[in-house]
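Input: a single structure, listed below in structure tokens.
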Amino acid sequence: MNGVKISIYKVFATCFLMFLSSFLCFAMLYYSKASVVFASGNDVVSLETKNRIEANLNLDKPLVEQYKIWLLKVFKGDFGTSLISGEKVLSLIVEPLKNTFILTIISLFILFFLSIVLALFCVIYQDSFIDKMINFLTLSFFALPPFALALIHILIFGFFLKILPISGVSDIGFEDNLLNRFEHLILPLSTLVLSHLAIFLRIARTSFIESLNQVFILNAFARGLSKIRVYGHFILKYSLGVIISYFGASALSFIMGAYVVESIFSYNGIGFLMIQSIIFKDYPVAMFLIMLSILMVNFFILISTLLVKIINPRLNYA
């Protein structure tokens, strides 16, 4: 019964968060100096022409009235039409959503695997040269902002070595070529993983070290079990819940990082589209993507909570 109450509470909390976030984001867009008039690239537009175009798009109405119109349409299942391209919002985000999903899921799997493997190395060879070198390298990448790390990738692999593409999802005419799409994915993927690896590694390493002091771990060593068996089964299973919980809790920062990386590499994902829509005040697209991002964050948290309960039902990490 408690589980049902908690689930209902989380649903109401998510709905309230989405409502509050939507109004705040709508207000920030409303008071920003940007305008959809300049989306075509023509910066020389008279004030009269600008006001007339905004009036035709109902952008001259007060904040509350505009928000009310948008909210009523959303409740009816109408997410509107892009003010820039004229396409339906749902049709517009299909391809970017697929690209973001591929980038995010693959990078999460790589990040999770590297965090576990490197943390095990750090614990097995604790305070050794290997442990210190792994921590030094990962913290060096973490110290750089994602955009700076992305620019370093572009300079090294795009301009100096010229071995990897630096922008786009694929080359023109190679949209269905998986190898070409994978080559375009390498630099955004590497940037996203390296910029988050240090903190996830730190969490995994700390969790493994703490588990070494547990009674059942000491008993396992006393029984003469091999290190591989103890680390690979007992310690990993005990610590996995904490690590997965942190992955879920970090969903927001990870998704925001993915959006920044997409924008820098001109990777046609949700982040690239969101930044474009915010810059040019494309309300329907920007608001839909913000709401979608909140749902994605809650989805990651929900999945991580369920995985923790499946791995070890007796412990509560959430």
Practice item. In sequence, state the C-alpha distance, the side-chain angles, and the governing distance for His184 and Leu164, and then conclude on side chain to side chain contact (heavy atoms under 4.5 Å, CB included). Key: CA-CA 7 Å; His184 282 77; Leu164 290 172; over 6 Å; no
Only one of Leu149, Leu151, Leu194 passes side-chain contact (heavy atoms from CB on, under 4.5 Å) with Leu144, and that residue is Leu149
Please check this pair: side chain of Thr138 against backbone of Asn135, looking for a donor-acceptor N/O pair closer than 3.5 Å.
yes
Looking only at heavy atoms, the pair that brings Ala204 and Ile243 closest together is CB-CD1, 3.8 Å
d(Leu201 CG, Ser115 OG) to nearest 0.5 Å is 6.0 Å
For Ile105, does the CD1 atom sit with more than 12 other heavy atoms under 6.0 Å from it, leaving out its own atoms?
-> yes
Residue set satisfying side chain to side chain contact (heavy atoms under 4.5 Å, CB included) with Ser167, at least two apart, ordered chain then number -> Ser266
Review point. Are the side chain of Lys281 and the backbone of Tyr30 linked by a donor-acceptor contact shorter than 3.5 Å?
Key: yes
| message | If you apply the rule side chain to side chain contact (heavy atoms under 4.5 Å, CB included), what do you find for Phe160 with Leu155, and how did you get there? | response | CA-CA 6 Å; Phe160 296 149; Leu155 284 173; 4.3 Å; yes
Residues Ile116 and Phe208: closest non-hydrogen pair is O-CE1, 3.9 Å
Report whether Tyr31 and Val64 are members of the same hydrophobic cluster (ILVMFWY, side-chain heavy atoms less than 4.5 Å apart, transitive linking). no
Residues passing the side-chain hydrogen bond (donor to acceptor under 3.5 Å, both in side chains) test with Tyr246, sequence neighbours excluded, are none
Distance col, row Leu71:CG vs Lys68:NZ, nearest 0.5 angstrom, shows 10.5 Å
Those residues at least two apart in sequence (or on a different chain) that pass side-chain hydrogen bond (donor to acceptor under 3.5 Å, both in side chains) with Ser107 are none
Under 3.5 Å, is there a donor-acceptor pair between the side chain of Ser277 and the main chain of Met274?
yes
Exercise. Is the backbone of Val169 close enough, under 3.5 Å, to the side chain of Asn268 for a donor and an acceptor to pair up by distance?
Worked result: no
Applying side chain to side chain contact (heavy atoms under 4.5 Å, CB included) to Asn298 and not counting sequence neighbours gives Thr14, Ile294
So CG of Leu92 and CG of Leu289: to nearest 0.5 Å the spacing works out to 8.0 Å
Ser128 meets the side chain to side chain contact (heavy atoms under 4.5 Å, CB included) criterion, sequence neighbours left out, with Tyr125, Ile130, Asp131
Give a yes or no on whether Phe182 and Ile106 share a hydrophobic cluster (residues Ile, Leu, Val, Met, Phe, Trp, Tyr; joining criterion: side-chain heavy atoms under 4.5 Å apart).
yes
Sorted by chain and residue number, the ring-ring contact (aromatic ring centres under 6.0 Å, His included) partners of His196 (sequence neighbours excluded) come out as Phe254
For residues 75-104, the ring-ring contact (aromatic ring centres under 6.0 Å, His included) pairs (sequence neighbours left out) are Phe79-Phe288
So salt bridge (charged side-chain N to carboxylate O under 4.0 Å, His left out) across residues 256-275, not counting sequence neighbours, yields none
Closest non-hydrogen atoms of Gly257 and Leu192, given as atom of the first, atom of the second and distance, are C-CD1, 3.7 Å
Closest non-hydrogen atoms of Ala286 and Ile278, given as atom of the first, atom of the second and distance, are CB-CG1, 4.2 Å
Asp282 and Val285: side chain to side chain contact (heavy atoms under 4.5 Å, CB included), yes or no, with the steps? CA-CA 6 Å; Asp282 192 352; Val285 177; 3.4 Å; yes
Output for pair (Leu97 CG, Leu90 CG), nearest 0.5 Å, gives 10.5 Å
*Leu137 and Ile134: same hydrophobic cluster, using ILVMFWY side-chain contacts below 4.5 Å?*
no
To the nearest 0.5 Å, atom CG of Leu187 lies from atom NE2 of His153 at 6.0 Å
Hits for side-chain hydrogen bond (donor to acceptor under 3.5 Å, both in side chains) against Ser293, two or more places apart or cross-chain, chain-then-number order -> Tyr259
Residue set satisfying side-chain hydrogen bond (donor to acceptor under 3.5 Å, both in side chains) with Ser207, at least two apart, ordered chain then number -> Ser239
Q | Whether Asn180 side chain and Asp171 backbone form a donor-acceptor pair below 3.5 Å | A | yes
Nearest heavy-atom approach of Pro96 to Leu273 is CG-CD2, 4.1 Å
Residues passing the salt bridge (Lys or Arg N to Asp or Glu O under 4.0 Å) test with Glu95, sequence neighbours excluded, are Lys98, Arg181
Distance col, row Leu197:CG vs Phe141:CZ, nearest 0.5 angstrom, shows 9.0 Å
Please determine whether side chain to side chain contact (heavy atoms under 4.5 Å, CB included) holds for the pair Phe300 and Leu108, giving the CA-CA distance in whole Å, both sets of side-chain angles, and the decisive distance to 0.1 Å. CA-CA 11 Å; Phe300 278 118; Leu108 273 175; 3.4 Å; yes
* Check whether any side-chain N or O of Thr100 sits under 3.5 Å from a backbone N or O of Ile270 as a donor-acceptor pair, and report yes or no. => yes
What one should report as the nearest heavy-atom pair of Phe142 and Ala198 is CB-CB, 3.5 Å
Sequence neighbours excluded, the answer for side chain to side chain contact (heavy atoms under 4.5 Å, CB included) partners of Phe23 is Leu63, Tyr67
Problem - Polar side-chain atom of Thr206 near backbone of Ile203 as donor-acceptor pair, under 3.5 Å - result: no
